[in-house]
Amino acid sequence: MEVVGAAVGALVATTSQLLCSCVSSKTNTTFNFHSNLAAVDQEMKSLTDRIKEVKGETEAAEKQGNKITSEVVTWLQDVETLQPGVDAIQGQMVNNEKPCRCFLNCRKRYRASREVEKTLEEIKRLLLVAEKFNYDVVCPTRVPRAVEHIPGPSIRGQTTASKKLDEIRKALDDGFKRIGLWGLGGVGKSTLVKNLNNELKKASTQPFGIVIWATVSKSVVIKNVQKQVAERLNLEVKMEESVQRMASRLYERLENEEKFLLILDDVWAKIDLDTLGVPGPDVHKGCKIILTSRLKEVCRAMTTDLDIKIEVLNDVEAWQLFCQKAGDVAHLEEIKPLAEAIVKECCRLPLAIITVGAAMRKKTKVELWKHALNQLQRSVPSIEGIEAEVYKPLRLSYDSLQGEGQNWEGMDEGISLIENLKDSCLLEDGPYSETLKMHDVVRDVAIWISSTSEDGCKSLVRSGIGLSEISVGEFSNSNSNSLDRVSFMGNNITRLPDCMIQCSKASVLLLRDNHALDTVPEKFLQGFEALKVLDLDFTSIRSLPHSLLQLRDLRALLLYGCENLEELPSLGTLTKLRDLDLCGTCIANLPRGIENLSELRVLNLEETSELKSIQPGIISKLSCLESLSMWASGFRFHLKGEEDGQATFEELKSSFNRLHYLNISLKGIPWEKSEDLSWINRMSHLQLCFYDAQGRSVLITFDEKRCSIRNLNLSLSQEWIGWFWDNSSSLQLEQCIGLVEMLEDFIESDASFAGLKSLSITKCPTSLGISEPAGHLALRFHSLRSIKVEFCHQMKYLLSCGDFIQTLPNLEVINVTNCENLEKLFNNESGQNISPDPMVPKLRILQLEYLPKFKTLCRHEETWPCLEQVVVWRCKGVRRLPLTNQNAGTIKEIKGESEWWDALEWDDDQTKTSLLPFFHPR
């Protein structure tokens with residue numbers, strides 16, 4: 001019985017515990033009813049704000065044609081499912097229902113309490129999930145600005161052009177859908193629509209969702225125009241994609257745009273909008289189109305609603321423009337009458353005035369002005385009409401260049417020649433870095449000049465006209481023996497004449513961009529014995545004929561992008577060759593006889609992935625080599641002691657006194673720990689790719705004092721890395737480890753950093769600020785103007801306070817982006833005595849973006865007296881700005897979310913009021 005009693009007792013005790021636990025749990029749930037109701041209301045406010053943000057981002061993404069991630073879609077569905085339950089609970093709070101005390105009502109109250117509790121848990125879960133979106137998974141691409149600024153000269157002060165601009169604006173407001181601007185080449189049509197575009201950018205209210213600019217040009221390629229439109233819309237450009245498929249994507253994207261303006265510049269023939277992929281005004285009510293053309297017939301073909309002829313300048317404007325380009329010399333008493341006569345000869349055409357004015361700038365001798373006027377008056381071309389009014393003045397700029405740098409000897413002289421052409425407005429900067437372009441009128445004039453040369457040396461130019469083959473008649477009609485330059489570039493030529501073409505004086509033969517051309521017949525080159533430039537870039541040639549070796553005067557052999565070319569004949573007889581471009585070819589070895597090219601200055605071996613071997617001694621024998629480029633080549637230079645029958649970096653050192661441009665890959669670190677690296681300063685461009693001791697692929701670029709170092713272990717490289725800190729005005733570190741250890745090592749070194757003005761650190765794993773170990777390096781950073789840090793997710797603060805900051809008196813820019821754990825800019829945990837003076841007294845620009853844990857910008861009482869621009873985005877912890885009513889006068893712009901601006905704390909309302917006009921919500 002005792003055993004039974006014990007068992008029963010244990011059972012009763014266990015049951016009691018379970019029952020009490022259950023009752024206790026339900027009692028807590030019931031008694032927490034009102035507090036949970038309040039929590040639901042509070043948390044729902046946070047969730048509602050997040051819902052608005054997410055929906056705004058998804059709407060922008062859908063407008064761009066982007067697909068919303070499944071995670072976000074599910075989250076929005078869960079929110080929608082939750083909403084009715086929340087509405088019911090909030091309705092209960094409004095009605096303030098009081099529960100009854102009877103047992104049945106207690107059960108009812110428990111169920112209601114449990115429902116509130118579950119709803120609160122779901123709200124918290126949804127908020128937690130939303131935090132993981134990180135604000136960028138919803139819309140993977142940046143929403144394009146409604147209008148992007150397009151660089152170009154202003155028409156301010158030009159009455160004629162300003163009136164035309166007002167006429168165009170009025171036409172847009174009056175509902176015209178297709179507007180054509182036509183007029184003489186060089187009259188300023190492009191300049192006018194650029195000014196229109198830029199005025200739309202400044203408008204307080206945007207009449208269009210997006211303004212798209214595309215340059216068409218005479219040799220129109222629809223895919224190139226599609227590419228410009230796609231890039232403006234932030235759509236992916238797929239070069240392998242067909243014109244039809246690209247048109248479909250563009251069409252679908254533009255259909256989602258409520259209103260858009262398409263500006264087509266320099267149109268020479270009808271553009272089919274359907275082929276381009278643009279829903280025209282006939283099918284899209286919000287579409288408007290402006291086009292520019294030299295030909296009124298093009299406007300008719302494009303069925304424009306309104307045609308506006310762009311006239312030349314009036315006399316006053318022409319004189320003002322000329323004086324602007326020629327300078328004060330045009331006002332000199334003895335020169336002014338001649339200058340006025342020259343302007344008259346320019347026929348008030350802006351391009352002619354700009355070109356001639358630039359040619360005469362700062363020329364103070366009266367004889368030069370008389371000669372210029374005489375040349376303009378006598379140079380009557382044989383072409384009637386437009387050419388007679390445009391070519392005469394433009395010829396002056398060409399004639400003024402005669403004899404200057406026609407046979408340039410080196411890279412420096414070549415650059416000087418290009419700059420001279422740019423200064424004379426005969427060349428312009430291209431759309432991409434280190435590219436050039438020529439205005440189409442200037443090009444036409446150049447062709448006309450070269451085709452009618454008085455010295456009997458003419459040019460045969462048949463570029464970009466769709467030829468599929470070259471007939472012998474093309475040469476016989478042009479008296480081939482008098483030809484100096486021949487161009488068939490940019491056609492669809494598949495074969496060349498298999499016979500000797502007698503062009504004994506021709507120095508230039510351009511066949512590039514004939515992608516289907518795969519053979520150069522043996523006899524074809526035999527008649528070009530005086531050839532100096534042979535350009536076969538971007539053709540499909542598989543080999544070169546042996547007749548190439550007879551071109552003993554050849555200076556440039558250009559084979560860029562000839563992907564099918566695997567081998568060249570021996571080049572040993574081309575001893576005058578200066579430029580050899582083999583980029584993108586499939587060669588496995590350097591051409592035989594290349595070591596005999598004693599005058600070779602430029603050797604381009606980029607993207608030669610099949611090139612695996614270079615015999616030692618070949619490169620060092622190229623005694624005039626100035627540029628060696630081997631980016632993405634399959635060959636890596638070996639190191640000293642590891643030759644293995646291959647070229648080494650050591651032998652390249654003998655060329656350092658003349659090399660200007662070097663871009664190579666190596667097997668390892670190319671220099672000794674204490675080696676003198678001063679030779680790098682003689683380079684205009686240096687790029688080295690090598691593997692360090694840990695097998696990391698390191699890339700170092702040094703370009704005119706601008707240095708970039710990627711993927712290097714800085715702590716193991718301090719013996720030589722200090723040279724780059726000492727000799728760089730701009731230093732960028734990307735994906736480098738060991739930053740803190742390197743700075744600690746610098747304390748004992750002679751590194752000065754005196755010239756360092758800009759420091760950028762990207763994706764470098766370091767938990768300390770960039771200055772923490774560098775307190776003793778203070779004076780060495782005296783010249784620093786800009787600090788940029790991004791994607792350093794372990795970093796908790798940017799700079800240490802105290803003495804170090806006080807030695808950065810010239811810091812003007814701080815830019816910190818995407819640092820997940822950054823809490824503050826300035827760290828003072830070590831307890832230094834902080835001066836009451838501003839830590840960054842000259843700071844002008846502050847940009848903070850995507851810093852979710854950021855808390856402190858500066859000390860509460862601190863102000864930054866020179867601050868001009870503040871950008872804060874996704875940094876909710878920034879609650880104060882270092883601005884008061886006393887220093888608010890320097891501010892020009894503050895950007896951020898409206899919610900952030902409203903939540904900012906100020907010492908007084910007057911400060912916020914004075915700054916409000918400068919706040920621009922993003």
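Index from 1, following the sequence. Keep in mind it's a predicted model, so treat the numbers as computed, not measured.
The shortest non-hydrogen separation linking Asn810 to Ser783 is ND2-CA, 4.5 Å.
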(request) In sequence, state the C-alpha distance, the side-chain angles, and the governing distance for Trp906 and Leu881, and then conclude on side chain to side chain contact (heavy atoms under 4.5 Å, CB included). (result) CA-CA 8 Å; Trp906 305 93; Leu881 295 178; 4.2 Å; yes
(request) Evaluate the criterion side chain to side chain contact (heavy atoms under 4.5 Å, CB included) for residue pair Asp78 and Arg125; output intermediate values, then yes/no. (result) CA-CA 10 Å; Asp78 291 345; Arg125 184 190 72 81; 3.1 Å; yes
(request) For side chain to side chain contact (heavy atoms under 4.5 Å, CB included), just list the numbers for Leu846 and Val872, CA-CA rounded to whole Å, side-chain angles, deciding distance to a tenth of an Å, and then say yes or no. (result) CA-CA 8 Å; Leu846 174 67; Val872 179; 5.6 Å; no
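A heavy-atom distance below 4.5 Å is found between the side chains of Arg636 and Cys689. Residues Leu825 and Leu848 form a side-chain contact, since some pair of their non-hydrogen atoms from C-beta on lies under 4.5 Å apart. Residues Trp873 and Tyr850 are in side-chain contact: their nearest non-hydrogen atoms beyond the backbone lie under 4.5 Å apart. Using a 4.5 Å heavy-atom cutoff, the side chains of Ile891 and Leu883 are in contact. Counting only heavy atoms from C-beta outward, the side chains of Ile721 and Leu712 approach each other to under 4.5 Å. Between Ile669 and Trp720 the shortest side-chain heavy-atom distance falls below 4.5 Å. Residues Ile737 and Pro765 meet the side-chain proximity criterion, which asks for heavy atoms closer than 4.5 Å. For the pair Trp725/Leu759, a side-chain contact is recorded, criterion being any heavy-atom separation below 4.5 Å from C-beta on.
We find the OG-CG distance between Ser728 and Asn681 to be 8.5 Å, quoted to the nearest 0.5 Å.
In terms of the salt bridge (charged side-chain N to carboxylate O under 4.0 Å, His left out) criterion, residue partners of Glu893 (sequence neighbours excluded) are, by chain and number, Lys895. Taking the ring-ring contact (aromatic ring centres under 6.0 Å, His included) definition, one finds that Phe690 meets it with nothing, sequence neighbours left out. Considering only residues two or more places apart in sequence or on other chains, Glu121 meets the salt bridge (charged side-chain N to carboxylate O under 4.0 Å, His left out) condition with none of them. The ring-ring contact (aromatic ring centres under 6.0 Å, His included) check on Trp631 picks up nothing, with sequence neighbours excluded. With sequence neighbours excluded, the residues satisfying side chain to side chain donor-acceptor pair (under 3.5 Å) with Thr817 are Asn815. Judged as a salt bridge (charged side-chain N to carboxylate O under 4.0 Å, His left out), and not counting sequence neighbours, Lys912 has no contacts. Applying the ring-ring contact (aromatic ring centres under 6.0 Å, His included) criterion to Phe791, with sequence neighbours excluded, gives no partner residue. With sequence neighbours left out, Glu231 forms a side chain to side chain donor-acceptor pair (under 3.5 Å) with Lys227. By the side chain to side chain donor-acceptor pair (under 3.5 Å) test, Thr911 pairs with Asp908, sequence neighbours left out. Partners of Phe919 according to the ring-ring contact (aromatic ring centres under 6.0 Å, His included) rule, which considers only residues two or more places apart in sequence or in another chain, are Trp901.
For Phe918, the CZ atom is densely surrounded, since the number of other residues' heavy atoms within 6.0 Å is greater than 12. Within a 6.0 Å sphere centred on NZ of Lys842, other residues, nucleotides and ligands contribute 12 heavy atoms or fewer. Crowding of Asp902 atom CG: a count of heavy atoms from other residues, nucleotides or ligands under 6.0 Å exceeding 12.
Looking only at distances, no side-chain donor or acceptor of Arg874 sits under 3.5 Å from a matching main-chain atom of Asn818.
Listed by first and then second residue, the salt bridge (charged side-chain N to carboxylate O under 4.0 Å, His left out) pairs involving residues 878-888 are Arg880-Asp907 (not counting sequence neighbours).
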Solution key, residues 695-703 side-chain donor-acceptor pairs under 3.5 Å, sequence neighbours excluded:
unit_1: Arg696; atom_1: NE; unit_2: Asn711; atom_2: O; d: 3.2
unit_1: Arg696; atom_1: NH2; unit_2: Asn711; atom_2: O; d: 3.3
unit_1: Arg696; atom_1: NH2; unit_2: Asn711; atom_2: OD1; d: 3.3
unit_1: Arg696; atom_1: NH2; unit_2: Gln735; atom_2: O; d: 3.1
unit_1: Thr701; atom_1: OG1; unit_2: Gln687; atom_2: OE1; d: 3.3
unit_1: Asp703; atom_1: OD2; unit_2: His685; atom_2: ND1; d: 3.3

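Partner of Pro882 under the side chain to side chain contact (heavy atoms under 4.5 Å, CB included) criterion, chosen from Leu843, Val840, Leu857: Leu857.
Looking at Glu823 and Lys796, no side-chain N of the basic residue comes within less than 4.0 Å of a carboxylate O on the acidic one, giving no salt bridge.
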